[in-house]
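Any value given below was found using the heavy atoms of this structure, including those in side chains, with hydrogens, waters and symmetry copies removed.
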Amino acid sequence: MDTDAATALTFRDATDADVDTLVALIESAYRGDASRAGWTTEADILQGQRTDPEGVLAVIKSPDSRLLTVERDGRAVACCQLQHRGEHAYFGMFAVSPASQGTGLGKLIIAEAERQARETWGVTEMHMTVISVREDLIAWYERRGYRRTGRMTPFPYGDERFGIPQRADLQFELLVKELAQAGTRPSTTR
């Protein structure tokens, strides 16, 4: 992504008025045929919804969370959740519009999210969970400095708020990245 495109972005915290727009954005990035235009689709492993208005509103209203909304020309093109969890922050609900995927936008957003979590909460690590069969997505996060931990949590089978699984081996793997403080470099020890 060129510098002009990056400067044309606006980062702000989501409000109640953004709920429907953000639900539609998240759904478009992960579910249904529209998601196949991008590379983050989960359409082959999960059907049904990825999130709902209640889930998005809960993130917006939570005192320990922020739902960062990224706009270009007044239109939401991406979002991500940042949640303060003591010594670390949790990164979730990350979605980039399928039309904007593959342009470097995701890389820019995750770097900004890490910066904001570090500066706002003073955290030293960012955590996230990714469906363990999403090897392409995990590889993308590894190129951004995240490491696989091997720590798994079960997928919530039977709870359609998270989708309808199309396979029986889904679980979430915890990925972790050490965040460098301003002016320092992260440790390379694992």
Side-chain angles (χ1 to χ4, degrees), residues 1 5 9 14 18-60 65 67-73 75-83 90-113 126-177:
M1 171 170 285
L9 297 174
D18 297 313
V19 169
D20 291 339
T21 298
L22 294 178
V23 168
L25 171 68
I26 294 164
E27 294 298 313
S28 76
Y30 292 99
R31 295 299 194 316
D33 287 335
S35 70
R36 294 182 193 281
W39 68 273
T40 62
T41 186
E42 295 172 342
D44 293 329
I45 61 171
L46 289 159
Q47 294 180 354
Q49 70 180 32
R50 177 74 159 21
T51 191
D52 56 29
E54 295 78 19
V56 171
L57 189 60
V59 172
I60 291 170
S65 259
L67 187 53
L68 194 60
T69 302
V70 183
E71 295 177 328
R72 179 181 289 132
D73 299 324
R75 194 176 131 263
V77 294
C79 67
C80 65
Q81 172 193 13
L82 294 172
Q83 184 180 39
Y90 180 80
F91 179 83
M93 214 174 270
F94 186 31
V96 175
S97 165
S100 297
Q101 291 179 20
T103 65
L105 182 61
K107 189 181 343 182
L108 189 133
I109 292 166
I110 199 166
E112 176 64 11
M126 185 78 86
H127 291 195
M128 70 173 71
T129 54
V130 178
I131 296 173
S132 63
V133 298
R134 297 289 320 274
E135 294 293 337
D136 55 343
L137 186 58
I138 291 171
W140 187 87
Y141 285 120
E142 287 178 315
R143 290 190 300 274
R144 313 272 107 48
Y146 286 81
R147 65 178 171 78
R148 299 181 87 156
T149 65
R151 292 192 299 201
M152 304 290 182
T153 54
F155 186 86
Y157 283 92
D159 188 343
E160 291 189 10
R161 292 178 302 160
F162 300 98
I164 303 166
Q166 301 303 294
R167 45 192 292 178
D169 62 344
L170 301 183
Q171 57 186 341
F172 294 104
E173 182 170 2
L174 175 67
L175 305 182
V176 175
K177 179 178 181 178

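With sequence neighbours excluded, the residues that form a side-chain hydrogen bond (donor to acceptor under 3.5 Å, both in side chains) with Tyr90 are Thr129. For the side-chain hydrogen bond (donor to acceptor under 3.5 Å, both in side chains) test, no residue two or more places apart in sequence or in another chain qualifies with Thr51. Partners of Thr41 according to the side-chain hydrogen bond (donor to acceptor under 3.5 Å, both in side chains) rule, which considers only residues two or more places apart in sequence or in another chain, are Ser35. Glu135 pairs by the side-chain hydrogen bond (donor to acceptor under 3.5 Å, both in side chains) definition with Arg148, not counting sequence neighbours. Gln166 meets the side-chain contact (heavy atoms from CB on, under 4.5 Å) test with Gln47, Ile164; sequence neighbours excluded. In this structure Tyr30 satisfies the ring-ring contact (aromatic ring centres under 6.0 Å, His included) test with no other residue, sequence neighbours excluded. Evaluation of the ring-ring contact (aromatic ring centres under 6.0 Å, His included) rule for Phe172 yields Phe155 as partners, not counting sequence neighbours. Listed by chain and residue number, Ile45, Val133, Asp169, Leu170 satisfy the side-chain contact (heavy atoms from CB on, under 4.5 Å) test with Arg167 (two or more places apart in sequence, or in another chain). Remark: Asp44 pairs with Arg36 by the side-chain contact (heavy atoms from CB on, under 4.5 Å) rule, at least two apart or across chains.
If you check the side chains of Thr40 and Gln101, you find a donor sitting under 3.5 Å from an acceptor.
The side-chain contact (heavy atoms from CB on, under 4.5 Å) test with Val23 is passed by exactly one of Asp52, Leu57, Val56: Val56.
Within the structure, every pair that satisfies the salt bridge (charged side-chain N to carboxylate O under 4.0 Å, His left out) test and touches residues 103-113, not counting sequence neighbours, is listed here: Glu112-Arg115. Residue pairs that meet the salt bridge (charged side-chain N to carboxylate O under 4.0 Å, His left out) test with at least one member in residues 136-146, sequence neighbours left out, are Arg134-Asp136. A salt bridge (charged side-chain N to carboxylate O under 4.0 Å, His left out) check over residues 90-104, counting only residues at least two apart or in different chains, returns nothing.
Heavy-atom neighbours of Gln171 CD from other residues, nucleotides or ligands within 6.0 Å: above the threshold of 12.
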